[in-house]
Amino acid sequence: MSKNCLGQIRSHYARLSEKEKKIADYILNNPENIIHSTINDVAEDLNVADATVFRFCKRIGFKGFQAMKITLAAEIIEPIQQIHEEISESDDERTVMEKVFQSNIHTLKSTLNLIDETAIEQAVDLLLKAGRVDFYGTGGSAVIAMDAYHKFIRTGIKVFTFMDSHFQIMSASQLTKHDVAVVISHSGTNKDTINILKTAKKNGAKIIGITGYPKSPLAKNSDVVLYTSAEETEYRSEALSSRIAQLSLIDALYVNVMKLNKEKAKKSLDKIREAIVVTRL
């Protein structure tokens, strides 16, 4: 996949160290200056070591400063409009809708750039081999967990979820080494969610974490981690805008499992269709 320098910086921003954020801000605010600068120029302007700038370039997916500059130069020559939810008081309903849609598209593209293909493969493998899969999330993430349950019940895999955090931790206490817990939290720091994760892990269950923060307790305690990207705006929190990415990750896992588990999934799907046909007029 071809890289987009400014997009890579924005998608990684929340996970950068303070020094790295300093470099990121410098590039985002002065992209034209960067393409005419050396790594030493940037390091001197920011009062950091050349090695720090080099590590930053590697962190956002480039081989080095020169590789980043080449990509950035192409973006400056052919400017790409920043997709961002900059809502103004004068915007009409249609304009607001378009900006929200563009912001969601931006979140999906940024998340796609973050996805580790190996992590997706490992997550799908765990789900296919699981005796049982529980989906966990509190607050807004509980809605994502419920959506995951609604999809995965069609796969023929034994799945469970609960909206109430007390029910979730009780369910986690019944998991075994043959089971998988999918734990969803954008911040990865919610106390109830981490207690549920630890309970599942204590019983030997494998953990698939979905979060936006690599250094969070959720990421550190998961066997496989899938990262999402999102930006906070004046009208939407970062956690709220991450929902679309979380839902899409769940969709990707579901479709992969259905594809690799065709026969079992088809039988389950047929049973569900037969059961719910009576609900339609």
Of the non-hydrogen atoms in [X] and [Y], which two are nearest, and what is the gap between them?
{"X": "Q168", "Y": "M163", "value": "NE2-O, 3.5 Å"}
{"X": "A245", "Y": "T111", "value": "CB-OG1, 3.4 Å"}
{"X": "D134", "Y": "A172", "value": "OD2-N, 4.5 Å"}
{"X": "C57", "Y": "M68", "value": "SG-SD, 3.8 Å"}
{"X": "S187", "Y": "T211", "value": "C-OG1, 3.8 Å"}
{"X": "A181", "Y": "Y136", "value": "CB-CE1, 3.6 Å"}

Got a second to check how far [X]'s [atom1] is from [Y]'s [atom2], nearest 0.5 Å?
{"X": "Q174", "Y": "F160", "atom1": "CD", "atom2": "CZ", "value": "10.5 Å"}
{"X": "I35", "Y": "K69", "atom1": "CD1", "atom2": "NZ", "value": "8.5 Å"}
{"X": "D45", "Y": "N30", "atom1": "CG", "atom2": "CG", "value": "8.5 Å"}
{"X": "I207", "Y": "N221", "atom1": "CD1", "atom2": "CG", "value": "8.5 Å"}
{"X": "F65", "Y": "L72", "atom1": "CZ", "atom2": "CG", "value": "9.0 Å"}
{"X": "L226", "Y": "I120", "atom1": "CG", "atom2": "CD1", "value": "4.5 Å"}

Would you call [X]-[Y] a salt bridge at under 4.0 Å N-O?
{"X": "E18", "Y": "K22", "answer": "no"}
{"X": "K21", "Y": "D25", "answer": "no"}
{"X": "K177", "Y": "D179", "answer": "no"}
{"X": "D91", "Y": "K99", "answer": "yes"}

Just by distance, do the side chain of [X] and the backbone of [Y] share a donor-acceptor pair under 3.5 Å?
{"X": "E20", "Y": "F56", "answer": "no"}
{"X": "S222", "Y": "V225", "answer": "no"}
{"X": "D116", "Y": "T118", "answer": "yes"}
{"X": "T138", "Y": "T193", "answer": "no"}
{"X": "H12", "Y": "Q8", "answer": "yes"}
{"X": "T107", "Y": "S103", "answer": "yes"}
{"X": "N261", "Y": "V257", "answer": "no"}

message: The test is side chain to side chain contact (heavy atoms under 4.5 Å, CB included); show your working for I194 and K198 and say whether it passes.
response: CA-CA 6 Å; I194 300 306; K198 288 180 178 178; 3.7 Å; yes
Would you kindly confirm whether [X] and [Y] end up in one hydrophobic cluster when ILVMFWY residues are joined by side chain heavy atoms under 4.5 Å apart?
{"X": "V159", "Y": "I208", "result": "yes"}
{"X": "I184", "Y": "L249", "result": "yes"}
{"X": "F54", "Y": "I27", "result": "yes"}
{"X": "M146", "Y": "I144", "result": "yes"}
{"X": "M97", "Y": "I244", "result": "no"}

Between [X] and [Y], is any pair of side-chain heavy atoms under 4.5 Å apart?
{"X": "D192", "Y": "H166", "answer": "no"}
{"X": "V42", "Y": "I34", "answer": "yes"}
{"X": "K63", "Y": "K58", "answer": "no"}
{"X": "T155", "Y": "Y254", "answer": "yes"}
{"X": "I115", "Y": "Y227", "answer": "no"}
{"X": "I250", "Y": "I210", "answer": "yes"}
{"X": "E121", "Y": "D125", "answer": "no"}
{"X": "M170", "Y": "F162", "answer": "no"}

query: Taking it one step at a time, do T95 and E98 satisfy side-chain hydrogen bond (donor to acceptor under 3.5 Å, both in side chains)?
result: CA-CA 5 Å; T95 302; E98 288 177 351; 5.1 Å; no
More than 12 heavy atoms of other groups within 6.0 Å of [X] [atom1]:
{"X": "K201", "atom1": "NZ", "answer": "yes"}
{"X": "N47", "atom1": "CG", "answer": "no"}
{"X": "K19", "atom1": "NZ", "answer": "no"}
{"X": "Y149", "atom1": "OH", "answer": "no"}

task: Decide side-chain hydrogen bond (donor to acceptor under 3.5 Å, both in side chains) for R243 and S248; before the verdict, give the C-alpha distance in whole Å, the side-chain angles of both, and the deciding distance to 0.1 Å.
output: CA-CA 9 Å; R243 300 288 179 259; S248 296; over 6 Å; no
message: With a 6.0 Å cut-off on the ring centroids, do F135 and F152 count as close?
response: yes
message: Before you tell me yes or no, could you show the steps for S229 and R15 under side chain to side chain contact (heavy atoms under 4.5 Å, CB included), namely the whole-Å CA-CA distance, both residues' side-chain angles and the distance that decides it to 0.1 Å?
response: CA-CA 10 Å; S229 173; R15 289 159 284 276; 4.0 Å; yes
query: For L253 and L127, what are the C-alpha separation, side-chain angles and deciding distance, and is it a side chain to side chain contact (heavy atoms under 4.5 Å, CB included)?
result: CA-CA 9 Å; L253 292 174; L127 292 168; 4.2 Å; yes
query: Should S171 and R132 be marked as a side chain to side chain contact (heavy atoms under 4.5 Å, CB included) after you check the CA-CA gap, both sets of side-chain angles, and the distance that decides it?
result: CA-CA 11 Å; S171 181; R132 157 181 166 175; 2.7 Å; yes
